[in-house]
Amino acid sequence: MPDATIPPLILLIDDEPELEVMARYLEFEGYSVLTATNGEEGLLALASCRKPCIVLLDLMMPVMDGHGFLRRMHDDATLCGLPVFVLTASFQTEHMAGVVGTLRKPLHMELFKEAVAPYCAPTGE
């Protein structure tokens with residue numbers, strides 16, 4: 001049984017300026033949030049922290065985009081089952097292995113919260 005005093009961890013990977021707003025919103029909702037501004041930083045974060053309950057991933061980023069992150073994540077047996085939600089402004093989304101859903105930008109915070117909840121309930125509930 002998870003320790004109720006440790007908030008569920010979410011990894012948020014996005015290069016948009018709104019990254020900090022999204023992170024603060026999730027923290028206010030009872031989550032612990034780790035942020036990265038590209039896929040390479042996201043992989044480093046996964047290697048250096050406890051396993052998050054979900055990854056929220058932008059596709060279009062510098063250094064390593066979301067597709068590169070997904071390929072590398074699925075090559076790692078310790079990470080391949082981790083659920084990923086794609087954050088995108090595009091209306092054309094193809095099926096990608098490990099992706100459990102898509103959230104369209106600009107994000108509506110209530111939909112954002114509802115999408116995350118089934119994968120990791122916040123400590124505030």
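What you see is a predicted model, and the numbers here were worked out from it, not measured in a lab.
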task: Establish whether V21 and L12 are linked, either directly or via other cluster members, by ILVMFWY side-chain heavy-atom contacts under 4.5 Å.
output: yes
Is there a side-chain contact between [X] and [Y] (heavy atoms, below 4.5 Å)?
{"X": "L9", "Y": "S32", "value": "yes"}
{"X": "V84", "Y": "M73", "value": "yes"}
{"X": "D14", "Y": "L56", "value": "no"}

List the atom of [X], the atom of [Y], and the distance in Å for their closest heavy-atom pair.
{"X": "I54", "Y": "C120", "value": "CG2-SG, 4.0 Å"}
{"X": "P118", "Y": "A115", "value": "CD-O, 3.4 Å"}
{"X": "A23", "Y": "T35", "value": "CB-CG2, 3.8 Å"}
{"X": "P7", "Y": "G30", "value": "CB-O, 3.4 Å"}
{"X": "A117", "Y": "Y31", "value": "CA-OH, 3.8 Å"}
{"X": "L11", "Y": "G42", "value": "CD2-O, 3.8 Å"}

Notebook entry, point to check: Taking everything shown except E40 itself, do over 12 heavy atoms lie less than 6.0 Å from its CD?
Noted result: no
[X]: which residues meet the side-chain hydrogen bond (donor to acceptor under 3.5 Å, both in side chains) condition with it, sequence neighbours left out?
{"X": "E27", "value": "R24"}
{"X": "T37", "value": "E41"}
{"X": "D15", "value": "none"}

Exercise. Please lay out, stage by stage, how L46 and L82 fare under the test side chain to side chain contact (heavy atoms under 4.5 Å, CB included).
Key: CA-CA 11 Å; L46 285 173; L82 193 58; 3.9 Å; yes
Quick note, salt bridge (charged side-chain N to carboxylate O under 4.0 Å, His left out) partners involving residues 49-60, not counting sequence neighbours, are D58-K105
Contacts satisfying salt bridge (charged side-chain N to carboxylate O under 4.0 Å, His left out) that involve residues 65-77 (not counting sequence neighbours) are none
dist F69:CZ -> I13:CD1 (nearest 0.5 Å) comes out at 3.5 Å
Applying side chain to side chain contact (heavy atoms under 4.5 Å, CB included) to L111 and not counting sequence neighbours gives H108, E114
Side chain to side chain contact (heavy atoms under 4.5 Å, CB included) for E16 and L87? Distances and angles first, verdict last. CA-CA 11 Å; E16 296 292 326; L87 310 175; over 6 Å; no
